[in-house]
Amino acid sequence: MAVECFSQRRLSLLLFSLVELASGYSPLKIDLPSDIDAVRVFSDIDIAHFDGTKSDKPIYMAVKGVVFDVTSGKEYYGLGSSYNALAGKDCTRAVAKMSLDPEDLISDTTGLSDSELEFLDNIFTSTYQAKYPVVGYMDYLIRNQQRSEL
């Protein structure tokens, strides 16, 4: 009986381990501030006004629905700069894929590989969160959070 129980336990642990491996990378969850009414919420149209084309406005970009003020990186994100295509939009997919292709300049992460999602989370924390102030959140992130709380 003890041998049978031990075997079942080992089998359960093995199955659990396989499920963990098969589930792949688990993306970093964005924690929104507790007072959501106090944060600035951007739509795609709103953030587009901060694309680096106007010198009197800051430069914003969003990654994973978090809007960052990247004005201090104007040499990268400003008009005519190498990463200006990322400014003024949520470019989560482009960051994950290290792409500047117009079709990748969107927030949708559907179909990204585990390695792309992991790279996205690493860049999100080591570059964007570490270097640039958060100025708000994209409306889709707020809506998704509110739905998950229901």
Side-chain angles (χ1 to χ4, degrees), residues 11-150:
L11 181 60
S12 295
L13 287 173
L14 177 62
L15 287 174
F16 178 76
S17 297
L18 289 173
V19 168
E20 285 286 298
L21 287 173
S23 66
Y25 181 73
S26 179
L28 179 72
K29 185 181 178 313
I30 303 300
D31 291 320
L32 296 173
S34 56
D35 187 9
I36 201 66
D37 294 327
V39 301
R40 187 164 178 191
V41 179
F42 290 84
S43 67
D44 288 334
I45 294 169
D46 297 330
I47 197 171
H49 294 287
F50 302 94
D51 64 356
T53 58
K54 301 219 177 2
S55 61
D56 63 329
K57 286 191 174 191
I59 304 169
Y60 294 167
M61 68 177 279
V63 179
K64 295 182 63 112
V66 179
V67 181
F68 296 96
D69 182 341
V70 296
T71 308
S72 65
K74 191 181 309 187
E75 66 274 14
Y76 304 110
Y77 302 103
L79 186 60
S81 298
S82 53
Y83 298 118
N84 178 250
L86 305 175
K89 57 187 67 78
D90 187 321
C91 53
T92 301
R93 184 178 200 82
V95 171
K97 294 180 74 173
M98 294 179 35
S99 169
L100 294 175
D101 291 336
E103 65 269 8
D104 290 328
L105 300 173
I106 58 174
S107 61
D108 185 16
T109 59
T110 304
L112 291 178
S113 69
D114 286 348
S115 61
E116 288 169 328
L117 292 170
E118 187 172 6
F119 177 79
L120 171 63
D121 284 345
N122 289 335
I123 291 296
F124 177 81
T125 55
S126 68
T127 299
Y128 295 103
Q129 280 187 323
K131 293 182 180 181
Y132 302 111
V134 174
V135 293
Y137 299 88
M138 295 300 293
D139 54 1
Y140 77 86
L141 186 64
I142 306 292
R143 282 193 308 272
N144 290 348
Q145 172 100 0
Q146 290 170 339
R147 277 190 211 126
S148 68
E149 291 174 357
L150 294 178

message: So, using side-chain contact (heavy atoms from CB on, under 4.5 Å) as the criterion, who are the partners of D69 when residues are at least two apart?
response: P58, Y60, T71, P133, V135
query: Quick one: ring-ring contact (aromatic ring centres under 6.0 Å, His included) pairs with a partner in residues 77-126, sequence neighbours left out?
result: F68-F124
query: At what distance, to the nearest 0.5 angstrom, does CD1 of I30 lie from OH of Y137?
result: 8.0 Å
query: Residues in side-chain hydrogen bond (donor to acceptor under 3.5 Å, both in side chains) with S115, at least two apart?
result: S113
message: Test of understanding: with side-chain contact (heavy atoms from CB on, under 4.5 Å), list the residues that count as partners of D139, not counting sequence neighbours.
response: V41, S43, R143
task: Report the residues that fulfil side-chain contact (heavy atoms from CB on, under 4.5 Å) with K57, sequence neighbours left out, ordered by chain and then residue number.
output: H49, F50, K54
query: So L117 and T109, side chain to side chain contact (heavy atoms under 4.5 Å, CB included) or not? Walk me through it.
result: CA-CA 8 Å; L117 292 170; T109 59; 4.2 Å; yes
- prompt: Is it true that a side-chain atom of S107 and a backbone atom of T92 form a donor plus acceptor pair closer than 3.5 Å?
  reply: no
- prompt: Can you tell me how far CG of L79 sits from CG of D51, rounded to the nearest 0.5 angstrom?
  reply: 8.0 Å
message: Treating R93 as the side-chain partner and D104 as the backbone partner, does any N or O pair qualify as donor plus acceptor under 3.5 Å?
response: no
- line: T127 and Y132 have their tightest heavy-atom pair at O-CD1, 4.1 Å
- request: Using a 4.5 Å cut-off on heavy atoms from C-beta on, say whether the side chain of D121 contacts that of K64.
  value: yes
field: L100 versus A85, closest heavy-atom pair with distance
entry: CD2-CB, 4.3 Å
task: Enter the distance from I45:CD1 to I47:CD1 here, rounded to the nearest 0.5 Å.
output: 12.5 Å
query: How far does CG of L86 sit from CG of N84, to the nearest 0.5 angstrom?
result: 8.5 Å
field: side-chain contact (heavy atoms from CB on, under 4.5 Å) against K89, all qualifying residues, sequence neighbours excluded
entry: C91, L105
message: Does any part of the side chain of L120, heavy atoms only, come nearer than 4.5 Å to the side chain of K97, both counted from C-beta?
response: no
statement: Taken to the nearest 0.5 Å, the spacing of E116 CD from S99 OG works out to 9.5 Å
